[in-house]
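Beneath this line is the structure, given in structure tokens, with notes to follow.
Naming convention: chains lettered A, B, ... in sequence-line order (proteins, then strands); numbering from 1 in each chain. Values below: every heavy atom of this structure, side chains too, minus hydrogens, waters and symmetry copies.
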2 protein chains.
Amino acid sequence: MATGRTHRPATRSRGIPEATVARLPLYLRALTALSERSVPTVSSEELAAAAGVNSAKLRKDFSYLGSYGTRGVGYDVEYLVYQISRELGLTQDWPVVIVGIGNLGAALANYGGFASRGFRVAALIDADPAMAGKPVAGIPVQHTDELEKIVQDEGVSIGVIATPAGAAQQVCERLVAAGVTSILNFAPTVLSVPDGVDVRKVDLSIELQILAFHEQRKAGELAAAGTAASHQEPAVSRRSAAVDQVPVADQGPDGDVPAVMPT
Amino acid sequence: MATGRTHRPATRSRGIPEATVARLPLYLRALTALSERSVPTVSSEELAAAAGVNSAKLRKDFSYLGSYGTRGVGYDVEYLVYQISRELGLTQDWPVVIVGIGNLGAALANYGGFASRGFRVAALIDADPAMAGKPVAGIPVQHTDELEKIVQDEGVSIGVIATPAGAAQQVCERLVAAGVTSILNFAPTVLSVPDGVDVRKVDLSIELQILAFHEQRKAGELAAAGTAASHQEPAVSRRSAAVDQVPVADQGPDGDVPAVMPT
DNA sequence: GGGTGTGAACATCTTCACAGCA
DNA sequence: TGCTGTGAAGATGTTCACACCC
């Protein structure tokens, strides 16, 4: 089945493009800042600048949510904050568990951006018995043995994996079996999950590699244009170039994740 | 040809699509794993599975690099590793500095994925004098005062910002002024940079928010389709749904970033 | 005038399907 | 026969430009 896109949008509001969804948090952040400064309204131009996108894109994005602006005036900040929050599902409480409390897991546990957006760190889980009971960010670390119980008791549907690559798939399977349906994966591995489970991944080194690609390109612009791109002086003067990459952060094609056996 | 009107995007001379560039690190990771298992050749189908994409996409991606495969056989693993590495610019050494050695900065400093791909942590920098000299991941932390000197002496062109949001823009400006032309930003702020400087960003809470959106959608499928989406039982049975988000990780040009106050 | 909302043009990305080569 | 490489179709995303309303 993998029905794919044979879905029927009961109401047309269900057709928000992925690219738009991915930008909503950006708008929300900018709006929250405006809200804290008690700015009552904002134009698409201003908000777009604050969010780092262009205004046409922003207006188009908002048009998918409905008509929340006022022509000639702009958008009501508070109202928009509410609408976007609701659309993203942030008006409800999302208990999350973080598995793998190394440096990264600890950083995530301490990250303030979660709590302020409806995410509550329900538990920290680590395989190391020595960690058990040790508080991180004020929350005692629990042993992996408790994973299933925690997920079920707390009604956790979102799990964060910050384990080493080797442990990620197994942790993922246990999370899913216990009821988790969304996973944020920091381990450098492709996770295979059943249909209906969302995976997003963040790979720190991938981002750096993309930067390196463009960096190399900038340097290459000065000399070689063909194939010989082997040497480059790091201290090259900065050349102008359009800045506009975008992508990455995908996982899970839509139907067929085979038995991957990664690192 | 070019684009006779507005300014020309970065996708020029060499013409590898951004989406493809963003996947090259994925392929590289999968290939490296195969290489370590001494697998000599691999088909597009197998490699695609290991990288978590579909084979048509992979073949198309590789076609932009050149014809490195053999019909009826597949791709030579070692050769592909080399070609992709070269394309990404990973055959050279990239000294990077990490600014902001909190939990996250420490996690980055310890992250093994860097060194193995040509990235060398040239220095760790923090504004806290108490951190100065303290070793993290075997590297002594240096004070922000040294920033310019370090960047110049080491020929650093890639900087990683892991400071609180409030400090990010200033750090960014100092990095750029000192010669950095690529920045990986973990602070939840839009950085404004001059032309020619690349910024990629990773926002942990954004990824979670995107997951929350889809999570809410799954739950909503069961009952309400209209506006009332306030209550939901977290322990909903998993329903099948198309899993296929994608994007995010852009950072626009546009200057003018208001004084965003972090969380 | 000012600024939203949006159809239509354009650009990019993905998938299909098959020609062509080992 | 098996699998790559790729033109062409299709889907998604972005930008333009202007109607329309405050």
For C/dG3, does OP1 or OP2 lie under 4.0 Å from any side-chain N or O of A/Ser43? no

Think A/Thr70 has a side-chain N or O under 4.0 angstrom from the OP1 or OP2 of D/dC22? no

OP1 or OP2 of C/dT14 less than 4.0 angstrom from a side-chain nitrogen or oxygen of B/Asn54, does that happen here? no

Separation of B/Asp61 atom CG from D/dT6 atom P, in whole Å? 13 Å

Nearest to side-chain heavy atoms of B/Ala56, which nucleotide of D/dT14, C/dC16, D/dT4: C/dC16

Using distance alone, with no hydrogens and no angle criterion, decide if B/Glu36 and B/Thr32 have a side-chain donor and acceptor under 3.5 Å apart. no

A/His214/B/Glu18 under side-chain contact (heavy atoms from CB on, under 4.5 Å): CA gap, chis, key distance, verdict: CA-CA 10 Å; A/His214 292 294; B/Glu18 267 304 309; 2.6 Å; yes

A/Leu65 CG to C/dT4 C1': how many Å, rounded? 14 Å

Could you state the atom-to-atom distance from CG of A/Leu58 to P of C/dT4 in whole Å? 8 Å

Choosing from D/dT6, C/dT14, C/dG7, which nucleotide comes nearest the side chain of A/Lys60? C/dG7

Got a sec? Which of residues 71-83 of chain B come in under 4.0 Å of DNA chain C, heavy atoms? B/Arg71

Spacing of B/Ile16 atom CD1 relative to C/dT12 atom P, expressed in whole Å: 15 Å

Can you tell me how far apart CZ (A/Arg23) and CD1 (B/Ile210) are? Round to the nearest 0.5 Å. 10.5 Å

Could you state the CD-P distance from A/Glu45 to C/dG5, rounded to the nearest angstrom? 14 Å

Which pairs, with at least one residue in residues 67-85 of chain A and sequence neighbours excluded, count as a salt bridge (charged side-chain N to carboxylate O under 4.0 Å, His left out)? none

Aromatic contact between A/Tyr68 and A/Phe62, with the criterion being ring centroids under 6.0 Å apart: yes or no? no

Would you indicate, yes or no, if C/dC16 has its OP1 or OP2 atom less than 4.0 angstrom from a side-chain nitrogen or oxygen of B/Arg59? no

For A/Glu87 and A/Gln83, what are the C-alpha separation, side-chain angles and deciding distance, and is it a side chain to side chain donor-acceptor pair (under 3.5 Å)? CA-CA 6 Å; A/Glu87 197 64 58; A/Gln83 290 299 346; over 6 Å; no

Check whether any side-chain nitrogen or oxygen of A/Lys57 sits under 4.0 Å from OP1 or OP2 of D/dT15, and answer yes or no. yes

Got a second to check how far A/Ser67's OG is from A/Tyr75's OH, nearest 0.5 Å? 8.5 Å

